[in-house]
Amino acid sequence: MKQFNPDTITRENIRQLVPYSSARDEFKSAARVFLDANENSLGSAIIESGFNRYPDPQQKSLKGAIAELKQVNEENIFIGNGSDEPIDLLVRAFCEPGLNNMIICPPTYGMYEVVAGINNIPIIRVPLLPGFELDAEGVLAAVNADSRIIFICSPNNPSANLMKAEAIEKLLTGFNGLVVVDEAYIDFAADASWLRRLETFPNLVVLQTLSKAWGLAALRVGMAFASTAIIGILNRIKPPYNLSEAAQQLALQALAEKSRVDEWIAILLRQREWLAQELAKLSCVEIVYPSNANFLLVKTTNAKEIYQYLTGKGIVVRNRSSVPGCENCLRITVGSPAENQQIIQSLQSFPS
Ligand SMILES: *Cc1c(COP(=O)(O)O)cnc(C)c1O
C-alpha cells in the first residue's frame, strides 16, 4: 500500500471532533505560577511499594476508605481514572450513539461535550440563566423521549457558583433519566453534598474527585456515587484495571491525611476571600463573581490583554473569554498565599 490516509475511514463524528483542550495544552511558554487548572498549590501526599502484580480491579481497600470518609456504602461507589472516566462510561452505557441525547447547561465543564462528541451523542444545550442559575423549567421543557442524561456541575466550572437545590430537585423528580451532579469542587462549597440524597433519588449520580481539594490531580482518582444498579452497570463496562496500583496505594495513603486537607481547605477559603477583595479593587476588573470553589471567575476590561500580560510575568490563568456567557472573563485558581500576592501585585501594575 503506497498511501494510506486513516482520515478516509475514521468515523464522521470523530473526524469532526474538537478535542478537549486543557489549560496546559493552551499554555505553551515557561511559567512559575500555575493558577490555570484549579489544582492544589499547597501540596499532596506519597508512598511506594511493589508493582509486579495487577492491581485490585474492584479497588476494595480504597473503596472501604472512601465509604468511611463519605459515609456511603461500598456498593454505591465507583472509582475511576479521574472523574472524567465515569463521565465517559455513563454516556457509553446510557446513550445510544446517534440517537439518545444528553443535556448540558453552558457555560460548564468542557468534558461533557467532548465525551458526547467522541460517542456521537447529540447534545441539547440549555444555557444557565443570568447569575449562572440553573434553568430547571427550561431543561425539563427541552428534554424529549430520547434524552438520557442531564449533566449539572455544582459548584459550576467556570462560573464557581452552586446550583440551587430546588432546581436540581426539580430535575431529579421531573426527568426520567440520569441526573449527574458533578461535585468536583464540593470541598470548597458552603452547601452539603448531594451524596446524602442518593437514597431518595434512584436516578441521581454524584461525581467527586481527589484532583482538587485533595491535591492529587496527577494520580487520576475520581468517584461516582449512585444506586447499586447504576454502579453495577458502570462496573460491567469499565476497563478491568482502570485504577493503577500506584494510584490505589497513594490515594489510600492520602485519605488518611484528611486533617491536613481540611487545613488546606481552610487556608484556601481565606485566600479566596482575600483574592476576591483585592481583585475587586483593580481598575481592570469589572466583576468578581461569588465563588463556592477554589477559583474565581473574573470579568475584566480586556481578558486577552491581561492574560498575555500575566503570561509575560510567568503567571498563567485560564482565559474563558471565548465561552458564551463568559465574555472577557478569566478564571483564576486560588493559589498559595505567595502566588496570590504575586498575581495581585502584577495586576496592580497592569497598564490600563
Ligand atoms: C477538574 C474537574 C473534573 C475532573 O476531575 P478528574 O477527576 O481530574 O478527572 C471534573 N469535573 C469538573 C467540573 C472539573 O472541574
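Ligands are counted one by one from 1 in listed order, and the atoms in each one are counted from 1 as well.
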* Protein residues near ligand 1, heavy-atom distance below 4.0 Å? ->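 Ligand 1 pocket, heavy atoms under 4.0 Å: G82, S83, D84, Y109, C153, N157, D182, A184, Y185, T209, S211, K212, R220.
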* Asked: Under the side chain to side chain donor-acceptor pair (under 3.5 Å) test, which residues partner Q208, sequence neighbours left out?
  ->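 Q208 satisfies side chain to side chain donor-acceptor pair (under 3.5 Å) with K70, E183, S193 only.
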* Asked: Can you list the residues that meet the side chain to side chain donor-acceptor pair (under 3.5 Å) rule with T108, with sequence neighbours excluded?
  ->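 Checked T108 against side chain to side chain donor-acceptor pair (under 3.5 Å); matches are N156.
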* **Where at least one partner belongs to residues 118-127, residue pairs that pass salt bridge (Lys or Arg N to Asp or Glu O under 4.0 Å), sequence neighbours excluded** =>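 Residue pairs passing salt bridge (Lys or Arg N to Asp or Glu O under 4.0 Å), neighbours aside: E113-R125.
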* Can any side-chain N or O of N157 pair as donor or acceptor with the backbone N or O of Y109 at less than 3.5 Å? ->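 Here the side-chain-to-backbone pair does not exist.
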* **Centroid-centroid distance, F295 to Y185, less than 6.0 Å** =>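 Here the rings of Y185 and F295 have centres that are less than 6.0 Å from each other.
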* **Any side-chain donor near an acceptor of the partner, Q341 and Q345, under 3.5 Å** =>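 No donor-acceptor contact under 3.5 Å links the two side chains.
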